[in-house]
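As the structure is a prediction and not an experimental result, all values here were calculated from the model.
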Amino acid sequence: MNLDQYAIAEEPFYAPVAEEVVLFEAAYAERIPLMLKGPTGCGKTRFVEHMAWRLKRPLITVACHEDMTASDLVGRYLLDADGTVWRDGPLTEAVRHGAICYLDEIVEARQDTTVVIHPLTDERRVLPLDKRNELVAAHPDFFLVISYNPGYQSAVKDLKESTKQRFAAIDFTYAHADRETAIVAQEAGIALDIAEKLVRIASASRNLGGRGLDEGASTRTLIRAGKLIARGIGIAQACDMTIVSALTDDRDTRGALRSVVSACL
Amino acid sequence: MVPASLRLSAPDEGAHSGDVLARRLAGRPELAARFAAARLLVARHVEVADADMWAGSVAALYDANAGPALLEALWSLETRLLPGTSVPALLALWSATRTLCRHAGAAVARRAVEAVAARVHYGEDGAHLAAVLRILAGLAERAADAVAPLLDAFDDIVDAVDASGLEAWIADGLALHPADRRRRAAYFRLADAAARQRLAERAGAIRYAPHEERLRKVTRALFGFEPEVRVIADRGLRRTRLAGGLLLMPARFTDLPAAEAPTTFEAAVLHAACHRAFTTTRFAVGRMKPVQLALVALLEDARVERLATRRYPGLARLWGGLHHAPASRIQTIPSLFARLARGLADPAFADGDGWIAKARRLFDDAFAADPAQQSFVPEIARVIGHDLGQLRIPFDAKGYVVQPLYRDDGLGLFDWAETDPENADALELMVEAARIREEEVDAGSSDAPAEPGERARAQPRAEDEEGTLIALHPEWHHRLRAEQPDHVTVRLYPAAEGATDPLRARLAVARGVRARIDALVRRARLDRPTRLRRRMQGDDLDLEAAQEAMQALRLREMPDPRIHMAKHRQGRDVALMLLLDISQSTADPVAGEGETVLSTAALSVALLGEALAGLGDPFAADAFASNGRADVRITPLKNFDERWEAALPRLAGLQPAYSTRLGAALRHGAARLASRAHHRRVLVVVTDGEPSDIDVEESEYLIEDAKHAVARARGQGLDVFCVALGEAADKAGAAMFGRRNTFGVTRVSELPQRLAALYYQLTVR
């Protein structure tokens, strides 16, 4: 099996916020599974890509969803003309061949599904494939990273305590205003002063987190707005499209966000 | 009204009512002449048939004992209306006047007509006035004595509200004072703070309320805090005013066009937020003259706005757009100040005046040096105020109104405690500053008790007053091993309504908890789909099953044909009945919070109620206590069909007292819940310990009775749970409700989070 398709050829842009690169490298050296916590669009996925590139490991990303079964992760028998054929799932591939496996938004998956990663995340480092009657020992380079947005936290959707305790966690927040400005300017290809305004709008909108908005505008949102602006769309219009209309349907909150946008320009 | 056929002068078949009335008036030549003139005028404007109906109306009013003065008043009103009015409006005017006349007397009716007439423009369509008169007539029917006081304040009232607002305001007054004539008169005369407050709330077009939520959010987003705005109905308040942390908003801006209202309110609220953010200390009045005070306020306004626009440049556009003073050479204070304000806000504004130029230069230099240095403001004010004196430009402190409209009147920026006692002019202003604050505290919100009568209502009822008997319940005797029929008497004690402000404030503080509960609600509402595997039919292939079927085929075995899967969403159908223990022991303080067990429980119920409203689950709550078996006291907090807000004043008014006869309360709650038709019916008891009552010595007795009541309720198909508050309470609860159905909340301060989370745990999966 060739994991070349999962290799990351070019350096993904990532501006470190704090010590996270060092922490990730240390955890990787010890193969301690990592949990990345933080609000949506603050750069968790980008960070993993960046680290995979840095560590020169292929990265297999699985976006978790409600309907995901254990077979979707570990693999299943499929039929072809000659009979049944076992096909490894993404997790099994990463385990066999030594990739970084990134389970994005793990809480979205059902709790019974996530239990399959338990034997991989303690000293055993094995993946039992019960259907195949096989015990796959993890490749020395295999590394497991999950991401999880604590904003969603609820009694209904939360990680099991037994799952949580298998991971070391790195907390992510939005970058500091100056840093975020640089990121937005770089990623969207817009001037710094415009990026600064966008960041100001975002930080104002984050004040409304939990009070009308679930979360404020994320860095990703700002980059989207910036890209539209770079294409010649007006700033107010771009913000309306990517921030105001996208974030809320509530009339008062929209009105408030529009006022915020116009106050920042 | 007398039927037409019985009247002495019954009109002949086909005869015109006008002629009939003219004949009847023959004995009163003056009135007859006036009628003839009015009739002629009406005939000129309307059809013959309509004129006849009009004459009929006149006759009816005449029959209602209207004196000539009233008729005369109406006729003269008509003269001014006729060119533009319509027949129905005209007739409505007459019939409303007749009702007024019959119930409140001719004199009052005449005053009403004259008051209305004073507001008529020549040739106006009288529909609006007819509506106002009709409303007055409606009031006369219900409370004739209230019309005269209302007419005393008629202009103020009609200035403030339109017809529908007037109607609503009158209805408020009648509801507030159904019996007390004296206080009702005070209300309608606007001599009552509550009356003015209500009038402000009912005030028509340009109101702050529709903008409140949006502006709350804008301020939070931009400044990180929420504005506290209170609308004040006071004609003396022409601009907003800062009062401590509050922003007092006039109920009505006389000079605010409706189209500008959204921006003006936004500008006003954000301007006040700037003061809160950047005006760090209030200015000492000392010996400053009113003109200097006004200048300090003006310069400080400009300073805080400039500080804000450094971060939010767009705000300069918002505020700048509301400065309308044009450049000119006029040297009066209003004009100079308005232009200075504009000049400070807009660097591009060109005004040739030397005084303004100097003030701008001084301000710009000082601001450039250190914008956060608040003390440069009074210094500049002193200098340029002195210049004004040299120029001999008079300042009229009483007539001065801050421009532009959105800015606060500045009185809140000063520390009046440090006024020099010889500074008489400033002292006058201080009185004004203090006046509305006091009234404001007095009238406060509509929930706060404003008048002695209301205060009495807000207090707990007299101890000896007996509640209405609503049910008799049996009780279990554990030694006899039998139920004693009709052993306890359940009585209903309506909730004493308390002021909701503290509770609302605590709800506001608990926003973090609310956000979490909110997230729970949304997830619960979405009722996650469940997957049904291995079906004979379904939307999808069940891959695993299909695999096995194929393998079976290859092995030449009989395959299992159930290879489909389907998704199924199960709707929620849950009703909740909550019983809240308010016995004396809930008065215990909660460690370190300054709250009691009961107040924390009340907050929890409010939070849960709000969450359940979002979820759409029917929910009712009762509070219970007991004073012996003859007096089990039930206080309804919320019925199934009420909005959850209705429970707030009742929750706020709860007072801990008496004991806990749990079994009786459970039976009562179960009876209420059992009659509801729902898939799941959940009964939750929030209590802080073992049951007890004054007429029971054996603790076993009530515990066993409660156990029995729980078993009964389960037998009725209810899910019964106990939330046990406090250290050892869960053990006591477990003894009655079973361990699985008891949730101990050891730290009572955590109850708000726990209660809602628990409900979802119970009902979502």
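- Residues satisfying the side chain to side chain donor-acceptor pair (under 3.5 Å) criterion with Q547(B), sequence neighbours excluded, are absent altogether.
- With respect to the salt-bridge test (charged N to carboxylate O, under 4.0 angstrom), the residues K37(A) and D171(A) do not qualify.
- When the heavy atoms of residues 301-311 of chain B are compared with those of chain A, the residues falling under 4.5 Å are R310(B), R311(B), listed by number.
- With sequence neighbours excluded, the residues forming a side-chain contact (heavy atoms from CB on, under 4.5 Å) with A552(B) are E557(B), P559(B), listed by chain and number.
- When the candidates R76(A), R206(A), R200(A) are compared by the number of heavy-atom contacts under 4.5 Å with chain B, R200(A) comes out ahead.
- With chain B as partner, the option from L78(A), I201(A), N207(A), T69(A) having the largest number of non-hydrogen pairs under 4.5 angstrom is N207(A).
- For a residue to count as touching a neighbouring chain, one of its non-hydrogen atoms must lie under 4.5 Å from one of that chain's; by this rule L318(B) does not touch chain A.
- Between chain B and the residues G216(A), A263(A), C264(A), the most heavy-atom pairs under 4.5 angstrom are made by A263(A).
- Ion pairing between E187(A) and K227(A) fails under the 4.0 Å rule for side-chain N and carboxylate O.
- In this structure, R220(B) forms no cation-pi arrangement with F225(B), as its terminal cationic atom is not both closer than 6.0 Å to the ring centre and no more than 45° off the ring axis.
- Side chains of S71(A) and E544(B): a donor on one and an acceptor on the other come within 3.5 Å.
- For L543(B), the part sitting under 4.5 Å from any heavy atom of chain A is the side chain, from C-beta outward, and nothing else.
- Residue pairs that meet the side chain to side chain donor-acceptor pair (under 3.5 Å) test with at least one member in residues 240-250 of chain A, sequence neighbours left out, are D240(A)-R258(A), D249(A)-R254(A), D250(A)-T253(A), D250(A)-K217(B).
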Test log, rule salt bridge (Lys or Arg N to Asp or Glu O under 4.0 Å), inputs R96(A) and E93(A): CA-CA 5 Å; R96(A) 274 191 214 280; E93(A) 275 189 14; over 6 Å; no
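- Considering only heavy atoms from C-beta on, D560(B) stays 4.5 Å or farther from E548(B) through its side chain.
- For the set S262(A), S203(A), S205(A), the entry with the most heavy-atom pairs within less than 4.5 Å of chain B is S262(A).
- Put simply, of G224(B), G314(B), A546(B), the one with the most heavy-atom pairs under 4.5 Å next to chain A is G314(B).
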